Trainee: 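Quick one: structure below, then a few questions.
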Amino acid sequence: MEIKGSTNIVGLIGHPVEHSFSPPMHNAAFKALEMDYVYTAFDVNPNDLKNAIAGARSLNIKGFNVTIPHKIEVMEYLNEIDEVASLIGAVNTIDFKDLKGYNTDGIGALKAIDEVTNIKNKNVVIAGAGGASRAISFYLAKYGTDKLTILNRNVDKAQKLADDVLSSALIDDVSSDDIRNMDLDDADILINTTPVGMHPNVDDTPIASGELMHEDLVVFDAVYNPNETGLLKEAIKAGAKPVYGIKMLLYQGAESFEIWTGKKAPIDVMEDALRTTLGF
Ligand code: ATR
């Protein structure tokens with residue numbers, strides 16, 4: 001990639017950022033489409049966030065991805081927030097054209113699942129009630145999921161998220177429960193947003209066993225390292241269809257790419273780059 005006087009800059013802001021897989025994924029896409037863009041990462045201390053956004057505007061930076069710990073606070077410095085990002089209360093993508101914030105995490109998960117099944121009119125069980133669950137839940141509601149059950153260790157947190165999603169009026173059947181009461185008999189899709197099973201505790205699963213699963217179930221694990229988590233292994237054993245966490249990374253990135261450039265993201269190229277970076 002040749003960096004010239006005309007090269008457009010996009011990037012990631014977070015703290016820390018050095019282990020991000022987004023630079024290789026986006027730079028591979030720019031290279032494949034011969035676009036005069038470069039993607040880099042900026043480690044921004046929380047005290048400097050406001051200055052970073054103002055500075056990026058002055059430097060004519062085209063777009064940012066935003067990661068921990070800036071996803072919520074950054075909204076204060078934007079002119080506009082996309083409707084679903086505003087309901088979620090967190091932004092992971094900024095388009096500097098109009099200083100608008102988006103959240104592509106949830107749509108990333110939906111597109112990952114969409115490779116296997118459409119979420120419309122489905123009965124979805126989601127494990128976890130943190131930031132990832134929040135982002136995915138609002139998108140499920142927006143795109144026509146029929147029934148959503150949010151399960152968490154801390155049931156109050158699950159109930160709070162269920163109340164928030166219900167008050168969006170995008171869906172009318174949302175409930176919460178203790179994760180230990182998981183029941184998948186009537187579920188079409190199970191989504192894990194907890195970190196259970198993440199490297200190095202690769203044999204842990206957020207549910208006791210695959211015995212709860214059935215052949216018509218789709219199981220999506222937002223954990224992407226390892227590629228095939230304990231939960232996905234159980235799913236495969238039970239005859240359920242697995243959806244791998246790497247796909248959510250891929251599609252959230254693709255969505256950001258399209259927001260910044262207006263061009264269709266080269267999914268295959270981005271997936272190859274991501275797999276090379278992650279080593280699978
Ligand atoms: P993220 O932004 O990735 O969603 P988070 O906001 O820290 O991360 O949320 C993590 C979620 O995983 C929470 O719902 C958490 O449950 P609690 O609210 O009860 O803490 C859940 N979680 C974390 N570790 C867990 C574990 N060992 N077993 C079950 N749930 C767990």
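Note that the coordinates shown come from a computational prediction; the quantities given were computed from them, not determined experimentally. One is the number of the first residue; the rest follow in order along the sequence. Order of listing sets the numbers, starting from 1, for every ligand and every atom in it.
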Trainee: Please walk me through it: do Tyr244 and Glu228 pass side-chain contact (heavy atoms from CB on, under 4.5 Å)?
Mentor: CA-CA 7 Å; Tyr244 294 80; Glu228 195 161 282; 2.7 Å; yes
Trainee: Report, in ascending order of atom number, the atoms of ligand 1 lying under 4.0 Å from any heavy atom of Asn154.
Mentor: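 It comes down to these atoms of ligand 1: 18 (O), 19 (O).
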Trainee: Going by heavy-atom distance to atom 17 (P) of ligand 1, choose the closest among Asn152, Ile136, Ile126.
Mentor: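 Among Asn152, Ile136, Ile126, the closest heavy atom to atom 17 (P) of ligand 1 belongs to Asn152.
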Trainee: Sub-3.5 Å donor-acceptor pair from the side chain of Thr67 to the main-chain atoms of Gly14, do we have one?
Mentor: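 Judged by distance alone, no pair lies under 3.5 Å.
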Trainee: Decide whether Lys241 and Thr117 meet the rule of one side-chain donor and one side-chain acceptor closer than 3.5 Å.
Mentor: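 Checked: Lys241/Thr117 side chains show no N/O donor-acceptor pair below 3.5 Å.
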Trainee: Note the single closest protein heavy atom to atom 9 (O) of ligand 1, along with its residue, its atom name and the distance in Å.
Mentor: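 Looking only at protein heavy atoms, the one closest to atom 9 (O) of ligand 1 is Gly130 CA, 3.4 Å.
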Trainee: For ligand 1, is there an N or O atom under 3.5 Å from any N or O atom of Ala132?
Mentor: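 Yes, Ala132 has an N/O under 3.5 Å of an N/O on ligand 1.
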Trainee: Do Asp105 and Asn92 pair up side chain to side chain, a donor and an acceptor below 3.5 Å, judged on atom types alone?
Mentor: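 Checked: Asp105/Asn92 side chains pair up, N/O donor to acceptor below 3.5 Å.
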Trainee: Short N/O distance, under 3.5 Å, between Thr194 and ligand 1?
Mentor: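 No, since none of the N or O atoms of Thr194 sits under 3.5 Å from an N or O of ligand 1.
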Trainee: Considering the heavy atoms of Val196, write down every atom of ligand 1 situated less than 4.0 Å from one of them.
Mentor: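 Answer, ordered by atom number: 25 (C), 26 (C), 27 (N), 28 (N), 29 (C).
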Trainee: With a 3.5 Å distance limit and no angle check, can you tell me whether Asp114 reaches the backbone of Leu110 through a side-chain donor-acceptor pair?
Mentor: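 Judged by distance alone, no pair lies under 3.5 Å.
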Trainee: Angle class for the Tyr224/Phe21 ring planes (parallel below 30°, perpendicular above 60°, tilted otherwise)?
Mentor: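 Correct class here is perpendicular.
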Trainee: Quickly, which of Tyr102, Tyr39, Phe96 forms a ring-ring contact (aromatic ring centres under 6.0 Å, His included) with Phe64? Name it, please.
Mentor: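 By the ring-ring contact (aromatic ring centres under 6.0 Å, His included) criterion, Phe64 pairs with just one of Tyr102, Tyr39, Phe96: Phe96.
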Trainee: Give the atom numbers and elements of ligand 1 that come within less than 4.0 Å of a heavy atom of Gly131.
Mentor: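 Matching atoms, with element in brackets: 1 (P), 2 (O), 4 (O), 6 (O).
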Trainee: Identify, for atom 31 (C) of ligand 1, the protein heavy atom at the shortest distance, and state residue, atom and that distance.
Mentor: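 Nearest protein contact, heavy atoms only, for atom 31 (C) of ligand 1 is Arg153 CZ, 3.7 Å.
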Trainee: Heavy-atom distance to atom 12 (O) of ligand 1: which of Pro195, Ala127, Gly128, Ala158 wins?
Mentor: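 Among Pro195, Ala127, Gly128, Ala158, the closest heavy atom to atom 12 (O) of ligand 1 comes from Pro195.
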